[in-house]
Amino acid sequence: MRRRRRTGIVAVALCLGGALTACSGSDGDGRIPLGAAGAGQAPTGAVPPEGGVVLVPLDEPVASGPPRGSGDGDTAAPPSEESPQDEAPPTAEQPGTGTADSPDAPPPSTPGGPPPPPPSPAPTPEPPPSGSPVPPADPALLQLTEPVREALDERWCERVTVEFRNIGGKAATSGTVTFATHVIGALGIDWATIETAQPLPGPIGPGAVRKKTFTVCVEAWRVPLGMHIETRDATAEWR
């Protein structure tokens, strides 16, 4: 009886392990025919058990392969030779410091040695040669003010003051001043205009101002009693 029970347990274990193709009893005598896979006629489907079969659970499941780690029990794979942990981080270039190839980088100085020389100044533009021609100055140009009149004892003469201003680039060395004198009757009628000329007071340099008082007279017979003269205009010619 003890021998049969062991046989049944072994048969159940082998059946569960998948080593046999069928497990069955014969005539209830407790013997289990064992057949190797491939012996006799192979079954075409599932073969139900015959007779009494006792199923006994196993203490541990049958392992079909090496156990895999899960959860906290997993073993981490060792880092490879190209792990990013072994690489050194790139060095960031500090702002404001030039590199060796930068043209603005100052030359390196040796500790304890003399300081680097200062940069050379920009070249000074050369002045034009002294022999270059000077552009010619503008000629003399005189501006005259209106005559300022002053009566005299003789009715055919009067004192006239004129101011001359040279706005040209050269001096007016000589010339002529022409006065236009009007003969005025007792009723204010302009009877005649007589021109007289006198020398230009010179020289008058560029930018200079010269004031001159002239005594202007006409023939006495041209100014009868009751009439007088008025010098209203003055013009100049110069060289």
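Everything numeric here is computed off the predicted structure, so don't read it as measured data.
- Here the CD atom belonging to Glu150 is positioned 13.0 Å from the SG atom belonging to Cys157, to the nearest 0.5 angstrom.
- The main-chain N or O of Val177 is never found under 3.5 Å from a side-chain atom of Thr235 such that the two would form a donor-acceptor pair.
- Other residues, nucleotides and ligands place no more than 12 heavy atoms under 6.0 Å from the CD atom of Glu146.
- Taking both residues in full, the closest heavy atoms of Phe214 and Pro199 are given as CE2-O, 3.8 Å, listed atom of the first, atom of the second, then distance.
- Counting non-hydrogen atoms of other residues, nucleotides and ligands closer than 6.0 Å to CD of Glu237 gives a total of 12 or fewer.
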**Study point:** Val218/Val223 under side chain to side chain contact (heavy atoms under 4.5 Å, CB included): CA gap, chis, key distance, verdict
**Key:** CA-CA 8 Å; Val218 297; Val223 186; 3.8 Å; yes
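- Looking only at side-chain heavy atoms (C-beta outward), Asp138 and Lys170 stay at 4.5 Å or farther from each other.
- Annotation for Ile229 and Arg149: closest pair O-NH2, 3.7 Å, computed over non-hydrogen atoms.
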Check your understanding: For Lys212 and Val162, what are the C-alpha separation, side-chain angles and deciding distance, and is it a side chain to side chain contact (heavy atoms under 4.5 Å, CB included)?
Key -> CA-CA 6 Å; Lys212 175 70 174 178; Val162 180; 6.0 Å; no
Practice item. Please step through side chain to side chain contact (heavy atoms under 4.5 Å, CB included) for the pair Val216 and Gln198, ending with a clear verdict. Key: CA-CA 9 Å; Val216 179; Gln198 297 191 30; 4.2 Å; yes
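- Here the straight-line distance linking atom OG1 of Thr173 with atom CZ of Arg239 works out to 7.0 Å at 0.5 Å rounding.
- Of the possible polar contacts, none joining the Arg222 side chain to the Trp156 backbone as a donor-acceptor pair under 3.5 Å is found.
- Expressed to the nearest 0.5 Å, how far CG of Leu142 lies from CZ of Arg210 amounts to 11.0 Å.
- The two residues Asn166 and Ala172 come nearest to each other via the heavy atoms ND2-N, 3.8 Å.
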Return all side-chain donor-acceptor pairs below 3.5 angstrom for residues 178-196, not counting sequence neighbours, or 'none' if the list is empty.
from, atom 1, to, atom 2, distance (Å)
Thr181, OG1, Thr231, OG1, 3.0
His182, ND1, Asp190, OD2, 2.8
His182, ND1, Thr193, OG1, 2.9

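- Annotation: side chain of Glu158 is not in contact with side chain of Thr215 (no heavy-atom distance under 4.5 Å).
- Contact between Trp238 and Ala140 at its shortest, heavy atoms only, is NE1-O, 3.0 Å.
- Residues Ile204 and Ile167 share a single hydrophobic cluster, defined by chaining ILVMFWY side chains whose heavy atoms lie under 4.5 Å apart.
- Smallest separation of non-hydrogen atoms from Val209 and Arg165: CG2-NH1, 3.3 Å.
- Counting all heavy atoms, side chain and backbone alike, Pro224 lies closest to Arg155 at O-NE, 3.2 Å.
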